[in-house]
Amino acid sequence: MYFTNALIASFSLAALVSAGPLVERRAAFTLQNGKDAQALNAKFKGLSASSPCTDGENACINGAFAQCANGKFVTTPCAGGLTCVALPLVNSKGTSITCDTEADAKTRIAASGATGGLFGRDLEERAEFTLANGQDAQALNAKFQTLSASSSCTDGENACVNGAFAQCVGGQFQTTPCAGMHEMFAVHRICLIYPCSLTCDTQADAEARIAQTGATGGLNGKRSLEARAATAPPACAAKGKRSDRLTRRSESGIAKRIAQNDLGAVAQSWQDLCLKSGGDTQTGDPCVQLAGINGINALLANSDPCAQQDNADAMIDFAKSNGVTNKDALIANAVSYAKHPRNALNIDGTVPSTPFCQKAPKNAELKGVTRAQLDGVNPGLFGSPALGVFAFGDPRTCPFGKTPDVSTCSCK
């Protein structure tokens with residue numbers, strides 16, 4: 001089955017958020033948008049697939065996107081590591097519903113001026129042990145990084161070893177892998193008692209939970225130190241902020257200047273071409289999955305560096321499939337998508353460039369295609385919430401097949 005344009009709009013509108021430091025001057029409606037998003041997220045917590053609904057109504061149910069059809073919610077799971085949330089719009093009044101990481105969703109709501117995270121809880125009134133919980137969790141995660149399955153242990157001791165849950169039995173750790181895209185972390189859970197719990201979670205969500213306690217430095221307390229320790233080469237510092245600007249071919253259906261407020265157009269242009277392609281639009285829902293779901297998820301700041309290229313390859317694979325009558329237009333759209341910049345987030349006071357994929361694309365049409373960086377990011381520092389911050393010179397600071405030259409801050 002595939003969804004209507006309304007669904008794509010709801011997924012893509014959430015990405016219309018400026019990716020950089022928090023804006024200093026908010027529109028009059030911005031704060032209310034944030035509060036409205038929090039109210040929706042609180043409402044969604046009480047919904048289930050059997051809840052009554054009105055045809056066309058959109059919601060989030062147990063982390064999945066839900067749309068009401070014939071009086072019943074039909075759910076679509078988010079991609080690995082993502083959850084369905086309501087987010088505030090930036091350029092107009094209102095909210096949108098999309099798949100996002102919990103950490104990024106909280107950042108977007110906080111940017112509106114609303115306090116209390118996803119649901120509007122008053123985090124200013126933290127219990128006096130909350131910060132200690134977060135710091136204890138960081139200390140445990142730092143300890144777990146040094147452990148292996150052969151590390152000595154005490155019977156009954158629990159830990160995380162290489163991303164798996166570990167319990168000591170007979171003086172040896174027995175590990176149990178986490179399901180799906182989750183890894184094992186020590187996290188502070190809101191409303192749980194001191195000190196902390198061990199659980200399988202995504203890294204982004206674990207970092208968000210620890211940040212809620214007031215503890216800084218990410219999972220193990222070192223992230224802020226790493227960000228401060230990363231120093232851009234002098235040649236990069238001399239270049240100042242990036243001002244790379246992209247242009248797009250009009251035949252792709254995307255505006256000439258691509259900024260982060262055009263992600264809705266990016267998703268819609270693919271869906272429009274896909275739906276009239278004459279190809280198989282049912283198997284795998286390519287018109288939806290490659291546009292407003294996987295397509296926009298790959299443009300988030302915490303996505304895998306190769307997710308965008310992989311999605312563009314999937315677009316071209318569809319363009320070359322049986323029955324497609326507008327192959328050239330679809331390929332042009334996929335190439336334009338591959339060049340689009342990804343979101344960039346402020347990490348401990350710096351807004352790094354986003355890392356490049358370090359593998360060759362599947363399709364020849366993408367060979368040599370380079371993703372642009374947003375205006376205003378630091379050209380000498382790269383990273384993401386998941387990867388941390390590292391200086392230009394790391395292989396990931398240049399597109400695949402090119403080598404960073406720190407003396408000129410360029411890729412050759």
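None of these values were measured; they are calculated from a predicted model.
In this model, no donor atom of one side chain and acceptor atom of the other lie less than 3.5 Å apart for Asn322 and Asp280. Looking at Gln138 and Gln135, their side chains never bring a donor and an acceptor atom within 3.5 Å of each other. Using a 3.5 Å distance cut-off with no hydrogens or angles, the side chains of Asn333 and Ser269 do pair a donor with an acceptor.
Note: Phe173 CZ to Ser150 OG = 10.0 Å, rounded to the nearest 0.5 Å. Between atom CZ of residue Phe400 and atom OG1 of residue Thr370 there is a gap of 12.0 Å, rounded to the nearest 0.5 Å. Taking OG1 from Thr231 and CG from Leu381, the interatomic distance works out to 7.5 Å, rounded to the nearest 0.5 Å.
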Please assess Ser277 against Phe318 for the test side chain to side chain contact (heavy atoms under 4.5 Å, CB included), listing each intermediate value before the final yes or no. CA-CA 10 Å; Ser277 66; Phe318 175 79; 3.4 Å; yes

Stepwise, does the side chain to side chain contact (heavy atoms under 4.5 Å, CB included) test hold for Asn58 with Gln67? CA-CA 5 Å; Asn58 295 329; Gln67 188 173 50; 3.2 Å; yes

Could you walk me through whether Leu330 and Met315 pass the side chain to side chain contact (heavy atoms under 4.5 Å, CB included) test, one step at a time? CA-CA 7 Å; Leu330 286 167; Met315 289 174 161; over 6 Å; no

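Atom NZ of Lys320 has more than 12 neighbouring heavy atoms from other residues, nucleotides or ligands inside a 6.0 Å radius. Summarising the local packing, CG of Asn62 is surrounded by 12 or fewer heavy atoms from other residues, nucleotides or ligands at distances under 6.0 Å.
The cationic atom of Arg396 (NZ for Lys, CZ for Arg) does not lie both less than 6.0 Å from the six-membered ring centre of Phe382 and within 45° of the ring axis.
Sulfur-to-sulfur, Cys84 and Cys99 sit at least 2.5 Å apart at their SG atoms.
Closest non-hydrogen pair, Leu87 versus Thr98, comes out as CD1-CG2, 3.5 Å.
Under a 3.5 Å cut-off, the side chain of Gln309 and the backbone N or O of Ala338 do not form any donor-acceptor pair. A donor-acceptor pair under 3.5 Å links the side-chain atoms of Asn363 to the main chain of Asp313, judged by distance alone. The backbone N or O of Val85 lies less than 3.5 Å from no partner atom in the side chain of Asn41, so there is not a single donor-acceptor pair. Of the possible polar contacts, one joining the Arg342 side chain to the Ser303 backbone as a donor-acceptor pair under 3.5 Å is found.
Ion pairing between a basic and an acidic side chain is recognised when a charged N comes within 4.0 Å of a carboxylate O; Asp272 and Lys276 show no such pairing.
The side chain to side chain contact (heavy atoms under 4.5 Å, CB included) check on Cys68 picks up Cys53, Asp55, Glu57, Phe73, with sequence neighbours excluded.
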